[in-house]
Every structure is written in structure tokens, then in C-alpha cells.
There are 2 protein chains.
Amino acid sequence: MFLSRNTNTLDAKGRVSVPADFRAVVGADLASGVSDFDGIVVWPSFDGAYLEGGGMALLRDYQALLENMDPYDDARIAFERAIFAESRRLSFDANGRVSLPKELAEYAELNGQVTFIGLGRRFEIWNPTKYEAQSANARRMARENRHRLRLASRVNAPRDGGAS
Amino acid sequence: MFLSRNTNTLDAKGRVSVPADFRAVVGADLASGVSDFDGIVVWPSFDGAYLEGGGMALLRDYQALLENMDPYDDARIAFERAIFAESRRLSFDANGRVSLPKELAEYAELNGQVTFIGLGRRFEIWNPTKYEAQSANARRMARENRHRLRLASRVNAPRDGGAS
DNA sequence: TTGTATCCCATGAATTCCCATGCTATCCCT
DNA sequence: AGGGATAGCATGGGAATTCATGGGATACAA
């Protein structure tokens with residue numbers, strides 16, 4: 001599970017260290033045979049100027065999701081083009097860095113510093129300054145909506161689960 | 001289940017012993033295969049100057065809750081950013097300590113002593129002095145709302161019957 | 001050549017690991 | 001029940017390892 005937020009430097013050669021925690025996540029997939037690729041997969045978000053990424057396991061999940069949609073559903077085709085076609089495999093070097101293709105860095109307006117954001121099954125890569133605003137906003141909104149963060153009871157799960 | 005209140009010292013290296021009871025809780029998850037991580041996960045509360053935490057099992061529960069929401073629901077994104085992105089995996093050393101990242105200690109204004117508060121499925125980490133005021137307040141409010149503390153009847157009542 | 005991508009090695013800082021200690025609660029034996 | 005041994009827990013400090021980062025060398029393509 002990708003957790004935590006981590007800012008690393010993007011050097012002149014376009015390399016950036018992937019946080020060790022993140023490497024451990026995809027490393028576990030590799031060890032357990034879920035994946036055969038020692039690295040991450042990254043693509044430009046279709047929702048803003050940042051990148052999305054994950055391990056091969058995530059891509060498999062998206063593949064399964066899309067294969068359950070109608071083959072000629074326009075949305076399915078659009079997702080395939082926006083995610084699979086735009087994504088790049090970035091493999092780790094001996095020190096746990098990847099080299100970020102220029103197009104991706106430009107798309108997300110990355111220079112100097114980049115922030116990795118763990119979001120559970122996937123992660124995002126942001127320009128640190130751009131993420132600041134997002135983060136402050138998220139905290140405020142999380143606080144306002146905190147009544148919706150109600151875990152189902154583990155013992156006798158009630159029917160409604162009701163955020164009312 | 002995380003129970004009781006426990007104050008331990010935060011040393012110069014930022015280490016603090018996790019109460020043995022708490023370690024037993026996450027240890028059980030580990031042994032039963034619910035989790036594969038021997039430690040706790042901690043993040044800054046978005047509701048005050050204290051930390052929230054739990055085991056990986058808790059995070060999975062939150063993940064399940066969030067993945068049932070619309071992927072682009074603003075509240076879902078806010079929770080993901082406020083919890084997953086801000087949380088840190090803290091693994092136990094051989095003596096059951098974790099090292100608390102500086103940002104988290106600063107956020108909760110922790111120095112010298114920290115108080116772990118067991119709250120069932122999750123726990124909180126407070127500056128002991130700050131928690132005092134909170135605690136008195138909680139007792140008063142619990143008293144005012146005592147009529148609402150009505151247990152649901154259990155379908156298969158166990159034999160112990162025990163008003164202990 | 002020039003730019004680009006990989007691989008290898010070096011380094012400082014931060015983190016983790018390991019061992020030792022005092023204290024307390026528990027157990028066991030008489 | 002006394003009293004001593006024992007094990008678990010919280011804490012301190014030093015050593016070793018990992019992590020992020022910079023730079024040089026090498027290979028390949030434009």
C-alpha cells in the first residue's frame with residue numbers, strides 16, 4: 001500500500017529517487033510473483049497537471065476493470081488510450097532512482113523537486129508547490145466531511161452504513 | 001482492540017516505545033495474516049493537534065471504505081490526501097520502539113513525553129498536557145450524553161452475563 | 001560530434017540495528 | 001505467605017546500514 005508523502009530532487013539528468021517505501025511496495029509484488037518488473041509505471045493524469053503511477057499490479061487491476069466494460073464503449077477506449085497508451089515503464093537503477101521522461105516532467109511542470117504522494121493502491125507525482133494548495137484544501141475538506149468517514153462495524157455490520 | 005492510556009518518553013533520537021498492549025494488537029494481525037507489516041501507521045489528525053494511528057488492518061478498512069465512494073468525489077480525494085498521503089509507516093525496532101518523524105512530532109507538539117490513547121480500532125497520540133484538558137472535557141460530555149449509551153441487544157447472548 | 005540513456009562508484013546524512021541497563025510485575029519454590 | 005528467581009518492558013547509547021544525491025564513464029543513436 002502506497003503511503004506517505006515524500007519530496008525528492010530531480011537532477012540535471014532527469015533522475016529522481018523513488019521513496020524507499022514505494023520501492024518496497026512494488027518489490028513485494030515482484031517477490032510474490034504478482035509482477036515481473038522491478039520498477040514503476042507512470043502516466044499523465046487526465047484530471048490535472050500531475051502524474052499518476054503504481055506498480056504493475058495496479059495496471060493489471062485497471063486492465064481487469066476495463067475488460068469488464070463493453071469493448072466498443074467509447075469510455076473504455078478513451079481510458080485505454082489515456083492510461084495504457086500514455087504510460088511509461090520506469091525501472092529502478094541500482095540506487096532506486098528512475099529517469100523521468102521529459103514529456104512527463106513537462107506535463108506535470110516538474111523541475112528541481114518532485115513530490116510523491118502515496119494514495120493506497122496508487123500514487124501521484126506533483127510539483128511540490130502545486131501540491132501545497134491541494135493539500136491544505138484537502139485537509140479542510142476532510143475535516144468538513146469527517147462524518148462520512150464512518151467505518152462499518154466489524155462485529156454486527158448494520159445494514160445502512162448510513163452517512164445521513 | 002486498542003485500550004487504555006499510556007505515557008512514554010520520546011528520546012533525543014525521536015524514538016518512543018509503543019505500549020506493549022498496542023504491539024500485541026498489531027502483532028495479532030500479523031500472525032493471522034491480516035497484515036504483513038510489523039508496526040503502526042500514524043498520521044496527523046485533521047481535527048486537531050494530535051496524531052491518529054492504527055495497524056495496517058485499520059488502513060485497509062479505510063481503503064475499503066474509500067474505494068466504495070465515487071473515484072472523483074471531492075471528499076474521497078480529500079480523505080485520501082489527508083490520511084494516506086500524510087501517514088507514515090513506523091516499524092518496531094527490536095525493543096518495540098518506533099521513531100517518530102520530526103514533522104509528526106512537531107505537528108502534535110510532542111517533546112519529552114507522549115501519551116498513547118487506545119480508542120478501540122484506532123488510537124491517538126497526544127502531548128500529555130494537552131490531553132489532560134481534553135480528557136476532563138470528555139468525561140463531562142460523556143456524563144451529559146449518558147442516556148445515549150445504550151447497548152444493542154446481542155442476538156446470541158453469550159453465557160457470561162457478566163456485569164463485572 | 002552531440003545529445004541521451006545506463007551503469008558504476010563515492011559521500012554525507014539520516015535512520016535503523018544491536019547491545020546493555022534498571023525497573024516492575026509475575027512466577028515458582030519452600 | 002515469604003522471598004528469591006525470572007521474564008517482560010521501557011530506556012540509553014554506540015555502531016552499522018540504508019537512503020538520497022552527485023558525478024564520471026560507457027554505450028548508442030541522431
Side-chain angles (χ1 to χ4, degrees), chain A residues 2-28 30-31 37-42 53 87-107 110-118 123 125-128, chain B residues 2-28 30-31 37-42 53 87-106 110-118 123 125-126 128:
Chain A
F2 296 106
L3 293 177
S4 98
R5 178 171 51 106
N6 228 306
T7 299
N8 288 341
T9 74
L10 181 65
D11 71 16
K13 293 180 177 178
R15 298 176 301 184
V16 60
S17 286
V18 176
D21 284 357
F22 287 26
R23 301 202 302 262
V25 174
V26 305
L30 216 178
F37 168 62
D38 189 30
I40 56 177
V41 181
V42 175
S87 72
R88 309 285 294 262
R89 256 182 236 255
L90 310 181
S91 56
F92 300 138
D93 72 7
N95 297 333
R97 282 181 292 199
V98 296
S99 60
L100 204 58
K102 263 202 317 289
E103 319 88 71
L104 290 181
E106 280 166 12
Y107 178 85
L110 303 175
N111 44 14
Q113 301 282 102
V114 313
T115 301
F116 289 80
I117 317 258
F123 59 82
I125 301 178
W126 283 75
N127 175 317
Chain B
F2 298 108
L3 292 176
S4 95
R5 179 168 53 114
N6 223 307
T7 299
N8 287 340
T9 75
L10 180 66
D11 71 17
K13 290 182 175 178
R15 297 176 301 185
V16 59
S17 286
V18 176
D21 285 357
F22 286 25
R23 301 202 302 264
V25 174
V26 306
L30 217 180
F37 168 62
D38 189 30
I40 56 177
V41 180
V42 175
S87 72
R88 308 285 298 257
R89 252 182 241 258
L90 309 181
S91 56
F92 300 139
D93 71 8
N95 298 332
R97 282 180 294 198
V98 296
S99 60
L100 205 57
K102 272 195 311 290
E103 317 88 69
L104 290 181
E106 280 166 13
L110 303 175
N111 44 15
Q113 301 283 103
V114 313
T115 301
F116 289 81
I117 316 280
F123 59 83
I125 301 179
W126 284 76

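By convention in this document, chain letters (A, B, ...) are assigned in the order of the sequence lines, proteins followed by strands, and residues within each chain are numbered from 1.
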Legend entry - Leu110(A) side, atom CG; Leu100(A) side, atom CG - distance, nearest 0.5 Å: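 Those atoms lie 6.0 Å apart.
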Legend entry - Phe123(B) and Phe116(B) aromatic ring geometry - parallel, tilted or perpendicular at 30°/60° bounds: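 Aromatic pair Phe116(B)/Phe123(B) classed tilted.
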Legend entry - Closest nucleotide among dA10(D), dG14(D), dA20(D) to the Lys13(B) side chain: dG14(D)
May I have the distance from [X] (atom [atom1]) to [N] (atom [atom2]), rounded to whole angstrom?
X: Phe22(A); N: dC19(D); atom1: CZ; atom2: P; value: 14 Å
X: Asp21(B); N: dT24(C); atom1: CG; atom2: P; value: 18 Å
X: Asp11(B); N: dT21(C); atom1: CG; atom2: P; value: 18 Å
X: Phe92(A); N: dC19(D); atom1: CZ; atom2: P; value: 12 Å
X: Leu10(A); N: dA20(D); atom1: CG; atom2: P; value: 15 Å
X: Arg97(A); N: dA5(C); atom1: CZ; atom2: C1'; value: 13 Å
X: Leu90(B); N: dA14(C); atom1: CG; atom2: P; value: 18 Å
X: Arg88(A); N: dT4(C); atom1: CZ; atom2: C1'; value: 13 Å

OP1 or OP2 of [N] versus the side-chain N and O atoms of [X]: is any pair under 4.0 Å?
X: Ser99(A); N: dA5(C); result: no
X: Asn95(A); N: dT21(D); result: no
X: Lys102(A); N: dA5(C); result: no
X: Arg23(B); N: dA10(D); result: yes

Inset, instruction - Between Arg15(A) and Asn6(A), name the one whose nearest nucleotide on DNA chain D is closer to the 5' end. - result: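 The residue mapped nearer the 5' terminus is Asn6(A).
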Inset, instruction - Would you kindly check if the NZ (Lys) or CZ (Arg) of Arg89(B) is within the cone defined by 45 degrees around the ring axis of Phe37(B) and under 6.0 Å from the six-membered ring centre? - result: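 The answer is yes; both the distance and angle limits are met.
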Legend entry - Any donor-acceptor N/O pair, Asn95(A) side chain to Arg97(A) backbone, under 3.5 Å: no
Legend entry - Donor-acceptor contact below 3.5 Å, side chain Asn8(B) vs main chain Ser17(B):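 Yes; judged by distance alone, with no hydrogens or angles, the pair exists.
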Just call it for [X]: base, sugar-phosphate, or nothing, with non-hydrogen atoms closer than 4.0 Å on any strand.
X: Thr9(B); value: sugar-phosphate
X: Val18(B); value: sugar-phosphate
X: Asp93(A); value: nothing
X: Ala94(B); value: nothing

